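Below: the structure, in structure tokens.
Heavy-atom basis, side chains included; hydrogens, waters and symmetry copies ignored. Lettering of chains follows the sequences in order, A, B, ..., and the numbering in each one begins at 1. All values derive from a computational prediction rather than experimental measurement.
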Protein chains: 2
Amino acid sequence: MSGQLRRAGRKERIALRKAKPAFDPCPPGQIGGAYKPLSEAELNAIFDTALRLLETLGLGEVPERLRRDLEAVGAKSNANGRVCFPARLVHQAIDQSAKTFALHGRDSARSIEVGLNRVHFGTGGAAVQTLDLETRRYRPSTLRDLHDFTRLQDTLTNVSWYTRCCVATDVPDNYDLDVNTAYALLRNTTKPVATSFTLASHVAPIVEMLDIAAGGQGRFSERPFLKAHISPIISPMRFGEDAVEVVYECIRHNIPMSCITAAQAGATAPATMAGFLAQSLAETLASLVMVHAIQPGFPMVFSNWPLVVDLRTGAFAGGSGETALLNAASAQVSNWLGLPSGVACSMTDAKAIDAQYGMEKGLTSLAAALAGGNLIYESSGMTASLLGASFEAFVLDDEMHSNTYRILRGIEVSEENLGYEAIVESVLGEGHFLGGFHTYAAMERDYFYPSLADRSEPRSWAEGGAKDAWDRAHSKVRDLLATHNPEYLTPEQDAEIRTRFNILYPA
Amino acid sequence: MSGQLRRAGRKERIALRKAKPAFDPCPPGQIGGAYKPLSEAELNAIFDTALRLLETLGLGEVPERLRRDLEAVGAKSNANGRVCFPARLVHQAIDQSAKTFALHGRDSARSIEVGLNRVHFGTGGAAVQTLDLETRRYRPSTLRDLHDFTRLQDTLTNVSWYTRCCVATDVPDNYDLDVNTAYALLRNTTKPVATSFTLASHVAPIVEMLDIAAGGQGRFSERPFLKAHISPIISPMRFGEDAVEVVYECIRHNIPMSCITAAQAGATAPATMAGFLAQSLAETLASLVMVHAIQPGFPMVFSNWPLVVDLRTGAFAGGSGETALLNAASAQVSNWLGLPSGVACSMTDAKAIDAQYGMEKGLTSLAAALAGGNLIYESSGMTASLLGASFEAFVLDDEMHSNTYRILRGIEVSEENLGYEAIVESVLGEGHFLGGFHTYAAMERDYFYPSLADRSEPRSWAEGGAKDAWDRAHSKVRDLLATHNPEYLTPEQDAEIRTRFNILYPA
């Protein structure tokens, strides 16, 4: 036998099997785009309709400050008082926009690069209910939950950036809520993070807190590790004044932004999918032109999230085939325009951590990822049509995303991997491929080995108590929460923050 | 308001909501292929390696009768006694093969057309264990189960053809097993069906039974409504004598065939994915050349099913990201060659009907479908790495496939659907799209409304008993099994079959 197929001895084989893979075979940032739901002609038709909407219908309820800035770059107010964007202006905004940029982690090893066809899963929810670890029922989300979710996800590779997944409903004051949310992020993770600002006036004080964590005044803005989630457009086709003010303030403090359009098919946008995409593209382009008018090239994730309403009941349906398709198409459109695409997938309408949960997450997340969505929001931990967040969901989603990244990584077709000689040798030799070094090398390099998925036989499964994925995830969550208590703020930083802010979480 | 956006009155709206959709918005046979995991250069490299393997390594253990037939069309035996296929012969077999053909249902309204980029989900398992409806544990599958599974799937739109999903382990004799399996199909469904023949000698008598159902001697072969699942190749790169004999006998009786290559990455084929695809393509092409040598153009589904072994344990892993990717690539390769592609997806390693189940089925089935797999086997009802079959799984998978077909259907981009005028009217009018006839029309035409997926709020869900998808599917299965008792054989046909065969199922 040649060296390539030299058999490993029994001891070697056991050692090889037990060895942890030397590296993750499918880390975040894999390349998407192999799935193209729209043809070139269809992309052009949607883009042309969006341009026409922007040029002739325009946007309503434009705050005066923004109207002046938009007119200064070539927008025109029409007879209805709506602000219209000539196609030339939209093209200019696209051309001059930031095509790729970093989302910094406080730990720079955790920073990610947004853009091109790189895919990253992350969070983006604002659940008001938490699936309780004990009762398996939903109850209002608390500040304690927010801290626990944040430190739990800190252990999960496939949450590439973390936005607060739940709202601390036990913090009634909006300012306290924004402050305590930011504090939870600083204390429990060093990944790139994101948050929302209820009002523009909350931005400056929170940047003071971020500066304390960053090591001194002005340090945060030099290397911002937090981005803002903002919805400057209220569908259909008008601006929201408070959110626009937040945009100005974020740009002033060098906080990169996800400007999110969250139109709902059949409610705030057409139920026809092509029409939906045309309108929501126009709306997200309106955000881009806004940013262009304020500061050309300022980092903005082009976050065009198609949402779908179940028209039988009016309820939001996050796990539908339509959601999968529309978000995949949105990602394709954004990437085709060269813009860093943000979409919302891996959502589910299930309340239980059950087969519906898995199917809906599997279909929606794979569609968006294959289409090349750069940032896939809402992808971890969310349940119940985004009303709920679940600890068990976080760890299950993390493993699912590894499978998705494994799919995205694709197949390396090289002479070595085609392995003509190895096949001939095996066929004429031992008649199988088990145990050869060629096989072990591929096993370590190319295969993802799950820890939560049960691959045992039915009998072993029954003997082990017939546990389901919810049970297994529960055990893992308990272990992680019991052992992972990072304190990413120094005692001095923590004390300084507590002196200057009303921090409600115990020291 | 114009007619297009005329609002429906309250009564009209309630009626519209309650109305059953006039037609299925996403029936089987949607077009796949928008996902292309391999580039043109990679496709060529894999095909070239397969041709090289066929030309120089060839196939071992070729039965004498087949060897003579292969040599008659240009194959050559080499010094090792292996039979090698010149590239010209392989190209000829591809050129002259059946590119599309019908799988007939006994009810011709249920026939399907195989080929091009049309996608159909169906079954193909041979589970030896059934997930018991009462105990929620696995136990040996029985003839009764086989009848129950067959009549259950008869109600499910998205099982486009039905192969016996389980083996009646309470029928020990192989001939009785084949006969009673065929009988279960005839009695309980009029869809296109499929089965396996343990030995070639079982084919002729079973065709007699099929003739009785078809209305007289020779009638079955005129319009065959059953296909055979055969694995003529034993990986790596040799023929299996019994299966080859079955092939001859099926062709003699005009039974279309799925010639299935089921190589396992890392065990009977390379663990490197490119090498795997090259070998399994060569093997499936060997089946095609075999059919070509026996009867050029005879209908054969080019069933190249990549299977993956978990190399930590040697266990088959059906729900992995690698499985999804390899089967998608296999579908792409087959379609690229113009051959009717068969792959195996929507598999899972889960034993429980849980989140793992859903995620694995969601990822693997969507990948294969988007890649354009013509016949996606193992897609319904299978669990536990194909060792198990489940009633609840059948109804859940059926609904999942509707979502997948909804994704495949894609987005119709037309002037009407882009709806520029409708958007302008809504924005300048009522400021939303709810309740308009434009919206209702899209709702009926374009949206799939699930019956098992729970889209309610957490509180309603809890008040309803916090049921999960397994519970809901269970209720549906109970209803269907209690009410759907088709008898597709006339009493005369049934009596005649019972006179001539040892039918073990009570009349």
*Any residue meeting ring-ring contact (aromatic ring centres under 6.0 Å, His included) with A:Trp461, in chain and number order, not counting sequence neighbours*: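 Checked A:Trp461 against ring-ring contact (aromatic ring centres under 6.0 Å, His included); matches are B:Tyr138.
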*Could you tell me which residues satisfy ring-ring contact (aromatic ring centres under 6.0 Å, His included) with B:Tyr35, sequence neighbours excluded, listed by chain and number?*
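With neighbours one apart ignored, the set is empty.
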I'd like to verify something: which residue of [options] has the highest number of heavy-atom pairs under 4.5 Å with chain B?
options	value
A:Leu53, A:Asn80, A:Asp397, A:Thr268	A:Leu53
A:Gly266, A:Ala442, A:Ala324, A:Ala41	A:Gly266
A:Lys36, A:Met273, A:Arg455	A:Arg455
A:Ala269, A:Ala317, A:Ser365	A:Ala269
A:Ala267, A:Ala315, A:Gly419	A:Ala267
A:Glu457, A:Gln129, A:Glu392, A:Lys467	A:Gln129

Closest approach of [X] and [Y], non-hydrogen atoms and distance?
X	Y	value
A:Leu387	B:Pro458	CD1-CD, 3.8 Å
A:Pro306	A:Phe276	CB-CE2, 3.2 Å
B:Arg472	B:Leu452	NE-O, 2.6 Å
A:His401	A:Ser346	CE1-OG, 3.7 Å
A:Ala393	A:Thr383	CB-CG2, 4.2 Å

Relative to chain A, which segment of [X] carries a heavy atom at a distance below 4.5 Å: side chain, backbone, both, or neither?
X	answer
B:Leu38	side chain
B:Leu428	side chain
B:Glu42	both
B:Ser39	neither
B:Ala329	side chain
B:Ile353	both
B:Arg238	neither
B:Glu360	side chain

*For residues A:Ser320 and A:Glu322, is any side-chain donor paired with an opposing acceptor at under 3.5 Å?*
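A:Glu322 and A:Ser320 do have a side-chain donor-acceptor pair below 3.5 Å.
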I'd like to check [X] versus [Y] (side-chain heavy atoms, cut-off strictly below 4.5 Å). Are they in contact?
X	Y	value
A:Arg409	A:Phe448	no
A:Val427	B:Arg82	yes
B:Gln356	B:Asp349	yes

For chain A, which candidate among [options] shows the most heavy-atom pairs at distances under 4.5 Å?
options	answer
B:Ile46, B:Leu57, B:Asp454	B:Asp454
B:Cys26, B:Ala453, B:Ala34	B:Ala34
B:Ala462, B:Ala45, B:Ala384, B:Ala371	B:Ala45
B:Leu326, B:Asn403, B:Ile411, B:Leu366	B:Ile411
B:Val424, B:Asp354, B:Leu363	B:Asp354
B:Pro270, B:Gly362, B:Pro236	B:Pro270

Region of [X] in contact with chain B, defined by heavy-atom distances below 4.5 Å:
X	answer
A:Thr364	neither
A:Leu418	both
A:Arg459	neither
A:Tyr357	side chain

*Rounded to the nearest 0.5 Å, how far apart are OG1 of A:Thr49 and CD1 of B:Ile423?*
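Here the interatomic distance stands at 7.5 Å.
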*Mind checking the CD-OG spacing from A:Gln264 to A:Ser280? Nearest 0.5 Å is all I need.*
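Here the interatomic distance stands at 12.0 Å.
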*Any cation-pi pair here, A:Arg52 with B:Tyr420, using under 6.0 Å and within 45°?*
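The answer is yes, since A:Arg52 meets both limits relative to B:Tyr420.
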